[in-house]
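In this chain, numbering begins with 1 at the start of the sequence shown.
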Amino acid sequence: EVQLQASGGGLVQAGGSLRLSCAAPGFTLDDWTIVWFRQAPGKEREGVSCISRSDGSTYHKEFVKGRFTISSVNAKNTVTLQMRSLKPEDTAVYYCAALGGVSSCFGRIFDVGMDYWGKGTQVTVSS
């Protein structure tokens, strides 16, 4: 069983930054696609960003483009989500998930069933 660990959430003012991390202790993330989702109170879960550790491709939903950056830290077997210019509407629990057998990120990847999920990390952006 792969256990993903999301961390780095917190409380930040609008316009601030946070960096989330997704790690999988004891399991290598090589050749996996890592996807970040979020779920705000009373709303459905939505995809945010994706990175393929196979080909390095990334994809960001339109509402975070230019503000969020997803990247791999290979030496640490970690995927990070750098979030800048945060808005109150970014407030949500953020989850990372892993998907095998897909070599590239693309727009519909958020609709694909993930293989593994981590527990979320709360991000709260105050106005």
Side-chain angles (χ1 to χ4, degrees):
E1 181 76 15
V2 177
Q3 300 211 350
L4 300 174
Q5 295 179 352
S7 61
L11 173 64
V12 65
Q13 289 188 332
S17 300
L18 282 173
R19 184 170 66 184
L20 306 184
S21 294
C22 179
F27 180 80
T28 179
L29 293 177
D30 292 351
D31 299 326
W32 287 79
T33 294
I34 304 301
V35 186
W36 283 97
F37 293 84
R38 70 185 187 186
Q39 187 165 20
K43 294 187 177 181
E44 292 189 355
R45 186 175 60 206
E46 61 182 356
V48 177
S49 301
C50 167
I51 186 166
S52 166
R53 289 178 60 102
S54 293
D55 67 1
S57 60
T58 62
Y59 187 91
H60 296 279
K61 281 291 193 70
E62 192 64 35
F63 53 79
V64 300
K65 277 184 180 177
R67 300 190 298 124
F68 290 12
T69 303
I70 190 170
S71 59
S72 288
V73 184
N74 291 336
K76 295 185 177 181
N77 196 39
T78 299
V79 168
T80 62
L81 183 68
Q82 178 69 53
M83 307 186 295
R84 298 182 177 88
S85 301
L86 284 162
K87 306 174 181 179
E89 51 263 44
D90 293 318
T91 294
V93 177
Y94 284 70
Y95 301 87
C96 62
L99 176 65
V102 175
S103 59
S104 296
C105 285
F106 54 98
R108 295 296 303 273
I109 199 165
F110 304 106
D111 300 326
V112 177
M114 300 290 120
D115 292 309
Y116 301 105
W117 288 88
K119 294 182 179 179
T121 184
Q122 176 71 48
V123 171
T124 303
V125 184
S126 63
S127 57

Visitor: What is the minimum heavy-atom distance between S127 and A14, and which atoms define it?
Guide: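 Shortest heavy-atom contact: CA-CB, 4.4 Å.
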
Visitor: If you measure from CZ on F106 to OH on Y59, what distance do you get to the nearest 0.5 Å?
Guide: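 The CZ atom of F106 sits 10.5 Å away from the OH atom of Y59.
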
Visitor: Hey, is the main chain of S103 close enough, under 3.5 Å, to the side chain of S54 for a donor-acceptor pair?
Guide: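 No; judged by distance alone, with no hydrogens or angles, the pair does not exist.
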
Visitor: Taking atom CG of L11 and atom CD of Q122, what is their separation to the nearest 0.5 Å?
Guide: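 Output value for this atom pair is 9.5 Å.
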
Visitor: For the CG atom of L99 and the CE atom of M114, what is their distance to the nearest 0.5 Å?
Guide: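 Output value for this atom pair is 4.5 Å.
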
Visitor: Specify the closest pair of heavy atoms between K119 and A6, including all atoms of both residues, with the distance to one decimal.
Guide: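 The answer is O-CB, 3.4 Å.
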
Visitor: Give the ring-plane orientation class for W117 versus Y95, where under 30° counts as parallel, over 60° as perpendicular and anything between as tilted.
Guide: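 W117 and Y95: perpendicular rings.
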
Visitor: Quick one: closest heavy-atom pair of V93 and G120, and the distance?
Guide: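 Here V93 and G120 meet closest at CG1-CA, 3.6 Å.
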
Visitor: Which residues pass the side chain to side chain donor-acceptor pair (under 3.5 Å) test with S126, sequence neighbours left out?
Guide: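 By the side chain to side chain donor-acceptor pair (under 3.5 Å) rule, S126 matches no residue at all.
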
Visitor: Within the side chain of S21, is there an N or O that forms a donor-acceptor pair under 3.5 Å with the backbone of S7?
Guide: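 Between the backbone of S7 and the side chain of S21 there is no qualifying donor-acceptor contact (under 3.5 Å).
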
Visitor: By the disulfide (SG to SG under 2.5 Å) test, which pairs, at least two apart or in different chains, include something from residues 49-103?
Guide: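 Residue pairs passing disulfide (SG to SG under 2.5 Å), neighbours aside: C22-C96, C50-C105.
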
Visitor: What residues, two or more places apart in sequence or in another chain, satisfy side chain to side chain donor-acceptor pair (under 3.5 Å) together with R45?
Guide: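 Expected list: none.
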
Visitor: Is the count of non-hydrogen atoms from other residues, nucleotides or ligands lying under 6.0 Å from Q3 atom CD greater than 12?
Guide: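 No, not enclosed.
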
Visitor: Closest heavy-atom contact between H60 and S49?
Guide: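 Result for this residue pair: ND1-OG, 2.7 Å.
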
Visitor: Which other residues belong to the hydrophobic cluster containing F68, where Ile, Leu, Val, Met, Phe, Trp and Tyr are joined when side-chain heavy atoms lie under 4.5 Å apart, directly or via other members?
Guide: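 Via sub-4.5 Å side-chain contacts, F68 links to V2, L4, V12, L18, L20, F27, L29, W32, I34, W36, V48, I51, F63, V64, I70, V79, L81, M83, L86, Y94, Y116, V123, V125.
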
Visitor: With sequence neighbours excluded, what pairs up with Q82 under the side chain to side chain donor-acceptor pair (under 3.5 Å) test?
Guide: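 Listed in chain order: nothing, the list is empty.
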
Visitor: Mind checking the OG-CZ spacing from S72 to R53? Nearest 0.5 Å is all I need.
Guide: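 Atom-to-atom, S72:OG and R53:CZ are 4.5 Å apart.
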
Visitor: What closest approach, in Å, do R38 and D90 show between heavy atoms, and which atom pair accounts for it?
Guide: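 Residues R38 and D90, closest heavy atoms: NH1-OD1, 2.9 Å.
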
Visitor: Taking only residues two or more places apart in sequence, or in another chain, which ones meet T80 in a side chain to side chain donor-acceptor pair (under 3.5 Å)?
Guide: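 With neighbours one apart ignored, the set is S71.
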
